[in-house]
Amino acid sequence: GENVEQHPSTLSVQEGDSAVIKCTYSDSASNYFPWYKQELGKRPQLIIDIRSNVGEKKDQRIAVTLNKTAKHFSLHITETQPEDSAVYFCAASKNNQGGKLIFGQGTELSVKP
Amino acid sequence: EPEVTQTPSHQVTQMGQEVILRCVPISNHLYFYWYRQILGQKVEFLVSFYNNEISEKSEIFDDQFSVERPDGSNFTLKIRSTKLEDSAMYFCARTTGGTEAFFGQGTRLTVV
């Protein structure tokens with residue numbers, strides 16, 4: 001069935017360092033890949049997304065890359081700050097409209113000042 | 001982003017009781033979803049709802065669950081006979097036709 005694997009489950013970095021979180025998906029029909037940031041007790045918030053017709057997308061300090069052949073996508077955060085500390089979830093969807101999101105297990109990122 | 005409002009923020013219920021969770025989306029939202037997140041775990045899809053009908057549901061969404069949009073505005077998730085394992089955060093989400101999904105603030109359901 002549809003599945004999204006996410007690694008690592010926890011990640012600790014020093015402020016200013018980069019952080020990379022990786023996901024793989026099983027359904028080759030998936031065509032939309034969002035990333036969500038969830039702070040403790042809060043809702044998931046969309047931070048960046050990428051569609052299957054694009055290989056890379058960047059928004060200030062965050063970027064996402066997609067390798068459709070390998071069915072991998074990754075989140076890159078540069079110049080990390082303590083406020084980046086949260087749980088990050090990747091997800092995949094295979095419909096252009098109204099498609100359900102299949103989430104990865106989450107990565108707890110801790111940025112130490 | 002336009003807000004999706006969920007009520008209540010926290011619901012405590014006795015095992016076996018029925019609960020109704022509510023979501024108030026903005027009227028131009030096309031797709032509505034319910035997701036669940038057990039504490040410390042990933043977000044899981046429950047059901048999607050389009051044009052006043054269920055468009056897809058997961059294995060979790062069994063006969064104990066139902067959704068409806070009774071007054072054309074509120075979007076509700078009903079759990080008929082709650083079990084301890086139903087304790088979780090329940091998120092309503094919406095899209096406007098694209099694939100970007102935005103989540104409400106969630107309802108924490110505690111079954112005791």
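What you see is a predicted model, and the numbers here were worked out from it, not measured in a lab. Here is the naming used below: chain letters follow the sequence lines, and residue numbers restart at 1 for every chain.
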For atom [atom1] of [X], decide whether the heavy atoms of other residues, nucleotides or ligands shown that lie under 6.0 angstrom number more than 12.
X	atom1	answer
B:Glu59	CD	no
B:Lys83	NZ	yes
B:Glu53	CD	no

> Once you round to the nearest 0.5 Å, how far does CZ of A:Arg43 lie from CZ of B:Phe91?
Replying inline: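 A:Arg43 atom CZ to B:Phe91 atom CZ measures 9.0 Å (nearest 0.5 Å).
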> Does any heavy atom of chain B fall under 4.5 Å from the side chain of A:Glu108, the backbone, both, or neither of them?
Replying inline: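 No part of it gets close to chain B.
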> Charged N to carboxylate O under 4.0 angstrom, A:Arg51 versus B:Glu100?
Replying inline: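 Looking at B:Glu100 together with A:Arg51, the answer is yes, because their closest N to O distance falls below 4.0 Å.
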>> Between A:Ala91, A:Gly41, A:Gly104, who has the most heavy-atom pairs with chain B when the cutoff is under 4.5 Å?
In response: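 Among A:Ala91, A:Gly41, A:Gly104, the one with the most close pairs to chain B is A:Gly104.
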Cluster check [X], [Y]: I/L/V/M/F/W/Y, side chain < 4.5 angstrom:
X	Y	value
A:Ile77	A:Val111	yes
A:Val4	A:Leu66	yes
B:Leu109	B:Ile20	no
A:Ile102	A:Phe33	yes

>> Test side chain to side chain contact (heavy atoms under 4.5 Å, CB included) on B:Gln37 and A:Gln38; report intermediate values, then the result.
In response: CA-CA 12 Å; B:Gln37 187 178 31; A:Gln38 187 177 34; 2.8 Å; yes
>> Can you give me the closest heavy-atom contact between B:Gln41 and A:Phe89, atom names plus distance?
In response: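 Shortest heavy-atom separation between B:Gln41 and A:Phe89 comes out as O-CZ, 3.9 Å.
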> Between B:Tyr35 and A:Leu101, is there a donor-acceptor pair closer than 3.5 Å when you use the side chain of the first and the backbone of the second?
Replying inline: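 Present.
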> Where on B:Phe49 is there a heavy atom nearer than 4.5 Å to chain A: the side chain, the backbone, both, or neither?
Replying inline: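 For B:Phe49, there is no contact with chain A at all, as no heavy atom is under 4.5 Å.
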> How far apart are the C-alpha atoms of A:Glu2 and B:Phe45, what are their side-chain angles, what is the distance that settles it, and do they pass the side chain to side chain contact (heavy atoms under 4.5 Å, CB included) test?
Replying inline: CA-CA 12 Å; A:Glu2 302 154 317; B:Phe45 168 77; over 6 Å; no
